Amino acid sequence: MILPVVAYGMPVLRKKGKEITPDYPGLQELIDNMFETMYASDGVGLAAPQIDRSIRLFVIDAEPFAQVDEVKEEEKEKLKGQRVFINPIILEESGEEWNFTEGCLSIPGINEDVKRKSKIKIEYYDRDFNKHTEEIDGLLARVIQHEYDHIEGVLFTDYLSPLKKRLLKRKLENISKGKVNVHYRMKFPKK
Ligand code: NI
């Protein structure tokens with residue numbers, strides 16, 4: 001089932017998600033629905049707060065980035081496939097900071113460069129609640145950092161300069177008022 005994507009301005013996007021346990025009601029179906037919603041809206045990642053659940057869960061399939069010519073072959077392989085992150089903790093961020101143009105399904109029509117460190121060490125549970133600790137770099141790390149921010153109540157626009165924020169203010173207000181053109185279903189703040 002495709003779920004509506006929560007738009008910028010909804011309070012749930014600003015909350016810290018709660019940890020979940022393996023008996024979280026309907027977890028497997030929720031994960032399937034999140035992937036379905038992500039694919040339907042052409043996203044590479046989707047975090048639970050974006051479908052109005054304040055929990056520590058996000059899904060990723062960065063396959064579209066594997067189509068980009070500039071991406072190295074060995075990195076392409078890592079980008080493919082579904083990944084589920086439950087109760088993740090980024091233990092460490094390292095490496096050089098690099099810029100990448102980010103976007104977000106909750107903030108349609110806005111794409112801006114964000115600087116992040118290139119490498120992360122992350123601990124998480126997969127959909128079967130097996131624990132993993134992994135070191136990840138490159139584009140996959142980037143997508144994880146963005147989704148991880150969502151479960152911390154952080155949005156990529158928070159990193160922009162005060163000037164950039166001022167320039168985008170009207171656009172962001174319009175998104176929160178539902179004045180936006182998107183091809184997928186969204187949920188907007190109540191007036
Ligand atoms: Ni996002």
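Fair warning: this is a prediction, and the values are worked out from it, not measured in the lab. In this chain, residues are counted from 1 in sequence order. We count ligands from 1, going down the list as the structure has it; atoms in each ligand are counted the same way.
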* Considering residues at least two apart in sequence or located in another chain, which fulfil the side-chain hydrogen bond (donor to acceptor under 3.5 Å, both in side chains) criterion with Lys16? ->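 So Lys16 forms a side-chain hydrogen bond (donor to acceptor under 3.5 Å, both in side chains) with Glu152.
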
Charged N-O contact under 4.0 Å between [X] and [Y]:
X	Y	value
Glu102	Arg116	yes
Asp137	Arg142	no
Lys119	Glu135	yes

* To do: From the options Glu134, Glu147, Glu63, select the one residue that forms a salt bridge (Lys or Arg N to Asp or Glu O under 4.0 Å) with Arg83.
  =>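 Of all the options given, the one that passes is Glu134.
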
* Asked: Checking Glu36 side chain against Met1 main chain: does a donor-acceptor pair fall under 3.5 Å?
  ->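 A pair under 3.5 Å: yes.
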
* Structure fact -> Excluding water, the protein N, O or S atoms sitting under 2.8 Å from the Ni ion (ligand 1) are Cys104 SG, His146 NE2, His150 NE2

